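Structure first, commentary second.
Treat the numbers as computed from the prediction; the structure is a model and nothing was measured. Below, chain A is the first sequence line, B the second, and so on; all start at residue 1.
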Amino acid sequence: MTDNTEDPLGDIAESETVRPVKQATGNIPQAAPPYLRGLNPMQREAVEALDGPVLVLAGAGTGKTRVLTTRLGHLLARRKAYPGQILAVTFTNKAAREMKERIGQLIGGVVEGMQWLGTFHSIGAMILRRHAELVGLRSNFTILDTDDQIRLLKQLIEIEGIDDKKYPARLLAGLIDKWKNKGLTPDKVPAGDAFAYAEGKGTELYRQYQERLKVLNAADFGDLLLENLRLFQENPDVLKSYQERFQYMLVDEYQDTNVAQYLWLRLLAQGTKNICCVGDDDQSIYGWRGAEVDNILKFEKDFPGAKVVRLEQNYRSTPHILAAASGLISANETRLGKTLWTEAKEGEPIRVTGVWDGEEEARTVCDEIEALHQKGSKLSEIAILVRTSAQMRQLEERLITVAIPYQVFGGARFFDREESRDANAYLRVIAQQDDSLAFERIINKPSRKIGKTTVQTLHKLSRAEGCSLYAAAKSVVDSEELKPAARKAVANVLGMFERWRDQAKTLPPDELAEIVLDESGYTEMWQNDRSPKAPTKLDNLQELVRSIGDHDTLQGYLEHIALVTAIDKTSDGDQASLMTLHSAKGLEFDYVFLPGWEEGLFPSQRTMDESGLVGLEEERRLAYVAITRARKRVWISHVANRFINGSWLSALPSRFIEELPPEFVELEAEQGLYGGMGGSSFEEAHIDNSSYDSPGWQRMQRNKATQAGNKGPGFGQVIDDVGKLIVTNDPGAATYAVGDNVRHPKFGTGVISEVDGNKLLVEFEQGAKRVISSFVEPA
DNA sequence: ACCCCCCGAATTTTT
DNA sequence: TTCGGGGGGT
C-alpha cells in the first residue's frame, strides 16, 4: 500500500524499548518486539494491522490507549513512516497530551517530529493557517470562542431589526454551530432548517456572519473544520498534498466525531486508506454537540474490506461493576453490541442508597469517603461524578465541612473570567488588529471617554466600508466625523496599540502583557476599584501574566488559550475529585460515587424532552460511562427531594437504577421516602454506620429481601405504569399508634405523639422528631 | 456614564 | 437559588 522506497530514517532513535525491525522479507516468523509482549491477542491484532482501514471497537477499560500508542510506536519502529507522516487525532487536549507522553515513554525520549498529533481543532487550525488566503483569511486569523461568536451575532441580529428576545443570539449561535458540525456552508443549509430562526432569516444571518468573520480575519471553532473542508474541496491540489503527507491516520474516540470531522477524515483517507479509528459506541455521550454514532456504525461501508477488531477484555473493573454496567447498557436498542469480560476476582456489589434530600446525600457520600480514607485509600483514587454542575455546590460544602481535600474539574474556567478576557482582548488586538470583538471589548475599559455614540459611529463606518472597527477608527481620526474630544481619545488608543505592536516584535509575551496592562490603565482600574472582588481580579491578572510566560510567542499564547481551555490542574497532594460525568470520560478511579440518580435529573428531563428515545439512550450511555469509571466500588444514590432551580421537587429514583441487574446491586434505602406528604418538610432519620446492627436496620434488610424477589431494585412497590414509575408505601411496614413506646437507633427511646401513615412524631428525650416507622421498633 | 433593581432563565462541554 | 441582561433612574 505504502511505497516508501526510502527508509524513513530513524530520527526516532533506536532505543532499548524499540528495536526497529526490518520489513519481513520471507516467511520467517519474527520474534515479537518487546513492546508487543503483554498485549492480549485482540490488542495485538489491533496494533499489528498497520495497513488498510481498521476499526477498533474498544470497550471501557480494555486498554485502548495502550493499543493506540503501541500502534504508533509499532509504525515508527517498523519504519513505515516518518513521524511527520502520521496524522493522529484526538478529541481533547488531554487525550492528545496523554498520547504524546505515552509514546515518548514507549520509544524513549521526546516525540520529535510528530507534529500532526493533536485535536481535530488544533490540526485544523494548523492546516488552515498554512492556506488561509485560499479561504479568505490571513494566516494570523483569530480564533473566536463562543462568547465572541454570540456578541458578533447579536450585532448582526440588531442590524437586521430582529427581536432578540424572541430570537436570542444564543439560539442562532447554536444553529450555526449545528450546521457547521454537519459540514453545511450557508448555501447548503436545508430550507426547512432555516426556518428554525426568525422566519427563515437564519440562513441569511449565517451568511452575513461568515462574511463578517472574514472582515475580522477570524474563525470560530466550527470554521476550523468547515473551512478546512472547503479548502480541500475547492483545492484538489492542496487536498492531494495532505493525502500524500499522511501515510497513516489514527483517530481516537471515533464515536464522538461529527459529520464535518467525518467528511474531513474521509477526504484525507482517500489517499492511502491507512486509517485506524478507535471508539466505543456505548460511550458516545456528545450527541447533543453534533457527534454522530452513525460514523462508527458505517465505517465498514465507507471503507470496504475494513478490518474490525473488538477489544472486550476489561482490565479495569470488578466483575460486579462490569456486569452491572453491561446489564444497564443492554437496555439500549441502537448499539453494535459487545460483551466485556474480565479475569478479575469478584468484588463488591454496587451499592444503591436512597436518602431524603441533597444535604443528607452529601453527608452520606462524604462519610463514606472519610471511611475509605481512614482505611488507607488515597483520596486521589476517589471521585464523585455528577450529572450537572449545579449538583456540585452542596457536595463541595460538605467536603469543606468535613475537611476532605478535593479538586473540581471543569467548571468556571480561568480564562473565562472577566479580567482574563479583558487582558487577552488587548493582546488579541496587538496580534491581529482586525479582531473587532476584542477591540470593542476594551476600547473603553478602563474608561477613556469613548462612549456608546462614538462606538456606534465606528460601527456604522466599519459596516459601510466593510472593514474592521480598528480600520474604521483609523480613518475616523483623520476626519471630522467625531467631536474633537472623542477623536483625540480614539487617536490615543490607536497610538498605544501602534506602540505595543512595535514592542511585541522584540519583547517576550509576558513582559509585553505587563506593559500593556500597566500603560493601558487596566491594572490601575482594578486598583482603584473598591469592590471586594477587586483584589482577586488583581491576583488573577498576575497569575495570567505568569501563565503567559509559559509561551515563547504572543501567537503561541493566543493559540493556546483559544484551543486549550482547560488548564492543567497539577494535582498537588492527595485530593478527591469532583466533576461532571462528561468530564470523567477516559478517567478511572478505585472508588466512584454517583449521586443524583433521579428521574428528571438523570436521565435529564430536558434531554428526554428534546431528543426522546435517542436522548434517553445517550443518558444511559452516560450512566454506563459513569459506572465503568470505577475499578473497585461504585456507590449510587438518589434523594426523595431535590432542590433545583430555586424550588423543591420530589423525585423518583432513576429508571437506570431499575435497570441494574439486581444480583449485582445492594440496596440501602430508607423506607417510606416516597409515601405521600410530598413536599412537606420532614425531618428524616438517616442511616449511619452505628445503626447497621440495630433491629431497625435488620428489619429494613428483611423488607428489602422480600421485595428483591419479584422486581429487583425497588423502593416500596414499584409498578411500571404507562412508562412512568409509581412508588407506593411499603405495605409490610409495622403499624404504630399514638402512645406506643418506640426505640430509634439514633435518638433512643420515645413516645409516639402523632401518626401519619408511616410517619411518626415521636417525643424523644432530646425532643420531638419526625421519623419513619421503619426506623423504629417497639420498645 | 454608571449603578441598581427586576425579571427571566436555568444541562452536559470540547474546541 | 443564582446569575446575567436590560431598562430605568441618577
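- A:Gln605 CD: more than 12 foreign heavy atoms inside a 6.0 Å radius.
- Among the protein residues, A:Thr146 comes within range of the nucleic acid bases, having at least one heavy atom under 4.0 Å from a base atom.
- A:Tyr286 and A:His582 have their aromatic ring centers within a separation under 6.0 angstrom.
- Closest to the side chain of A:Arg289, from the set B:dT13, B:dT11, B:dC2, is B:dT13.
- In terms of phosphate contacts, A:Thr580 brings no side-chain nitrogen or oxygen within less than 4.0 Å of OP1 or OP2 of B:dT11.
- By the 4.5 Å heavy-atom criterion applied to side chains, A:Lys180 and A:Phe221 are not counted as neighbours.
- In summary, the side chains of A:Glu361 and A:Gln391 do not present any donor paired with an acceptor at a separation below 3.5 Å, with no hydrogens or angles considered.
- Residue A:Leu587 contributes atom CG, which lies 12 Å from atom P of B:dT14 at whole-angstrom precision.
- With B:dT15, C:dG6, B:dT11 as the choices, the nucleotide that has an atom nearest any side-chain atom of A:Leu563 turns out to be B:dT15.
- Separating the CE atom of A:Met392 from the P atom of B:dT11 is a distance of 13 Å, rounded to the nearest angstrom.
- Straight-line distance from the CD1 atom of A:Ile450 to the P atom of B:dC2: 12 Å, rounded to whole Å.
- Side-chain contact annotation: A:Asp223 with A:Gln210, donor-acceptor N/O pair under 3.5 Å present.
- Closest to the side chain of A:Glu610, from the set B:dT11, B:dT15, B:dT13, is B:dT11.
- Distance from the side chain of A:Phe221 is smallest to B:dT15 among B:dT12, B:dT15, B:dT13.
- Taking only side-chain atoms of A:His582, from C-beta outward, the nucleotide of B:dT14, B:dT12, C:dT1 with the closest atom is B:dT12.
- In terms of phosphate contacts, A:Asn93 brings a side-chain nitrogen or oxygen within less than 4.0 Å of OP1 or OP2 of B:dT15.
- Picking from B:dT12, C:dT1, B:dT14 the nucleotide with the shortest atom distance to the side chain of A:Phe643 gives C:dT1.
- Nearest-nucleotide mapping onto DNA chain B: of A:His121 and A:Thr607, the residue sitting toward the 5' end is A:Thr607.
- For the pair A:Ile157 CD1 and C:dG6 P, the computed distance is 11 Å after rounding to whole Å.
- Side-chain nitrogen and oxygen atoms of A:Arg170 include none within less than 4.0 Å of the OP1 or OP2 phosphate oxygen of B:dA9.
- In the set B:dT13, B:dC2, C:dT2, the nucleotide with an atom closest to the side chain of A:Trp288 is B:dT13.
- Using modelled atom types, one finds no donor on one side chain facing an acceptor on the other under 3.5 Å when comparing A:Asp294 with A:Tyr262.
- Heavy-atom distances to DNA chain B give each of A:Ser604 and A:Ser447 a nearest nucleotide, and the one nearer the 5′ end belongs to A:Ser447.
- Between B:dT12 and A:Ser583, no contact under 4.0 Å exists linking OP1 or OP2 to a side-chain N or O.
- Distance, A:Gln394 CD to C:dT2 P: 12 Å, rounded to whole Å.
- With rounding to whole Å, A:Lys585 atom NZ is found 17 Å from B:dT12 atom P.
- Within 4.0 Å (heavy atoms only), A:Arg387 reaches at least one base atom of the nucleic acid.
- One atom, CZ of A:Arg621, and another, C1' of B:dT11, lie 16 Å apart when rounded to the nearest Å.
- Whole-Å rounding puts the A:Lys452 NZ to B:dC3 P distance at 14 Å.
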